[in-house]
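Every value quoted in this text rests on a predicted model; they were computed, and no experiment measured them. Here, residue 1 is the first one in the sequence, and each next residue gets the next number.
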Amino acid sequence: MTQTSENVTWLTQEAYNQLRAELEYLSGPARTEIAAKIAAAREEGDLRENGGYHAAKEEQGKQELRVRQLTQLLETAKVGEAPAADGVVAPGMVVTIAFDGDEDDTLTFLLASREYASEEIETYSPQSPLGTGVNGKRIGEDAQYELPNGKLASVKILEAKPYQG
């Protein structure tokens with residue numbers, strides 16, 4: 001998974017390979033595809049009223065932004081091991097917390113960068129208020145984090161295990 005320490009992003013080998021493959025696709029075949037879409041739309045005539053052309057240009061801009069993000073991420077990435085299953089919350093772990101110690105009011109989430117966000121499990125960044133509050137805590141410990149209104153919320157760590165997704 002991912003663990004950010006200043007300007008270094010720690011990735012497992014699997015995550016690094018996945019992001020590298022995405023970058024290679026976006027830098028090669030995807031660029032060719034979007035260039036062809038733009039060329040085809042350009043041939044349709046007046047560009048001011050050509051929705052297909054503008055949509056393709058917007059898609060190209062988003063794609064190029066992603067290429068820059070991936071390039072920067074992979075330049076600073078260090079490949080390491082997944083977090084240990086030692087009960088200490090760390091990036092790359094699935095964490096279950098109880099709000100205000102109420103074990104009926106729980107949340108299970110992946111503590112990782114947005115690169116790992118998926119529909120399978122909610123993802124919180126290690127730099128988010130909740131992520132910062134729980135990072136480094138052990139199972140059974142309480143953690144606090146700041147809410148948007150400035151008040152502190154308290155949670156109890158119920159479970160922390162390495163993400164297997």
Does the side chain of R66 come within less than 4.5 Å of L26's, by heavy atoms? yes
Contacts of K151 meeting salt bridge (charged side-chain N to carboxylate O under 4.0 Å, His left out) (sequence neighbours excluded), chain-then-number -> none
Here the salt bridge (charged side-chain N to carboxylate O under 4.0 Å, His left out) pairs for residues 32-45, sequence neighbours left out, are K37-E59
inquiry  = Could you tell me if the side chain of L19 sits less than 4.5 Å from the side chain of E22, heavy atoms only?
reply    = yes
side-chain contact (heavy atoms from CB on, under 4.5 Å) with Q69: of L73, T71, L65, only one passes, and it is L65
Residues pairing under ring-ring contact (aromatic ring centres under 6.0 Å, His included) where one sits in residues 119-148, two or more places apart or in two chains, turn out to be F109-Y124
By side-chain hydrogen bond (donor to acceptor under 3.5 Å, both in side chains), Q63 pairs with (sequence neighbours left out) none
Hits for side-chain hydrogen bond (donor to acceptor under 3.5 Å, both in side chains) against R138, two or more places apart or cross-chain, chain-then-number order -> none
Sequence neighbours excluded, the answer for salt bridge (charged side-chain N to carboxylate O under 4.0 Å, His left out) partners of E146 is none
Sorted by chain and residue number, the salt bridge (charged side-chain N to carboxylate O under 4.0 Å, His left out) partners of E64 (sequence neighbours excluded) come out as R31
Next on the checklist: Would the distance check show the side chain of N50 and the main-chain N or O of A41 forming a donor-acceptor pair, the cut-off being under 3.5 Å?
Outcome noted: yes
Heavy-atom closest pair (G133 atom, A143 atom, distance to 0.1 Å) is O-CB, 3.3 Å
Q: Would you mind reporting whether N135 and P91 have side-chain heavy atoms less than 4.5 Å apart?
A: yes
S27 meets the side-chain hydrogen bond (donor to acceptor under 3.5 Å, both in side chains) criterion, sequence neighbours left out, with none
The reported gap from NZ in K161 to CG in D86 (rounded to nearest 0.5 angstrom) is 15.0 Å
I97 vs T106, side-chain contact (heavy atoms from CB on, under 4.5 Å): CA-CA, chis, key distance, verdict: CA-CA 5 Å; I97 57 171; T106 64; over 6 Å; no
With heavy-atom distances below 4.5 Å as the criterion, would you say the side chains of E122 and L110 are in contact?
no
Residue set satisfying side-chain contact (heavy atoms from CB on, under 4.5 Å) with T132, at least two apart, ordered chain then number -> none
Hits for side-chain contact (heavy atoms from CB on, under 4.5 Å) against I139, two or more places apart or cross-chain, chain-then-number order -> I157, A160
4.5 Å side-chain heavy-atom contact, K57 and H54:
no
Does the side chain of L107 come within less than 4.5 Å of T96's, by heavy atoms?
no
With sequence neighbours left out, the residues meeting salt bridge (charged side-chain N to carboxylate O under 4.0 Å, His left out) with E75 are none
query: Less than 4.5 Å apart, any side-chain heavy atom of R20 and any of L23?
result: yes
What one should report as the nearest heavy-atom pair of S128 and S125 is OG-O, 2.7 Å
Problem set entry | CA sep, side-chain torsions, deciding dist, call: D142, V155, side-chain contact (heavy atoms from CB on, under 4.5 Å) | CA-CA 6 Å; D142 290 328; V155 296; over 6 Å; no
| query | Does F99 belong to the same Ile/Leu/Val/Met/Phe/Trp/Tyr cluster as L158, with side-chain heavy atoms less than 4.5 Å apart forming each link? | reply | no
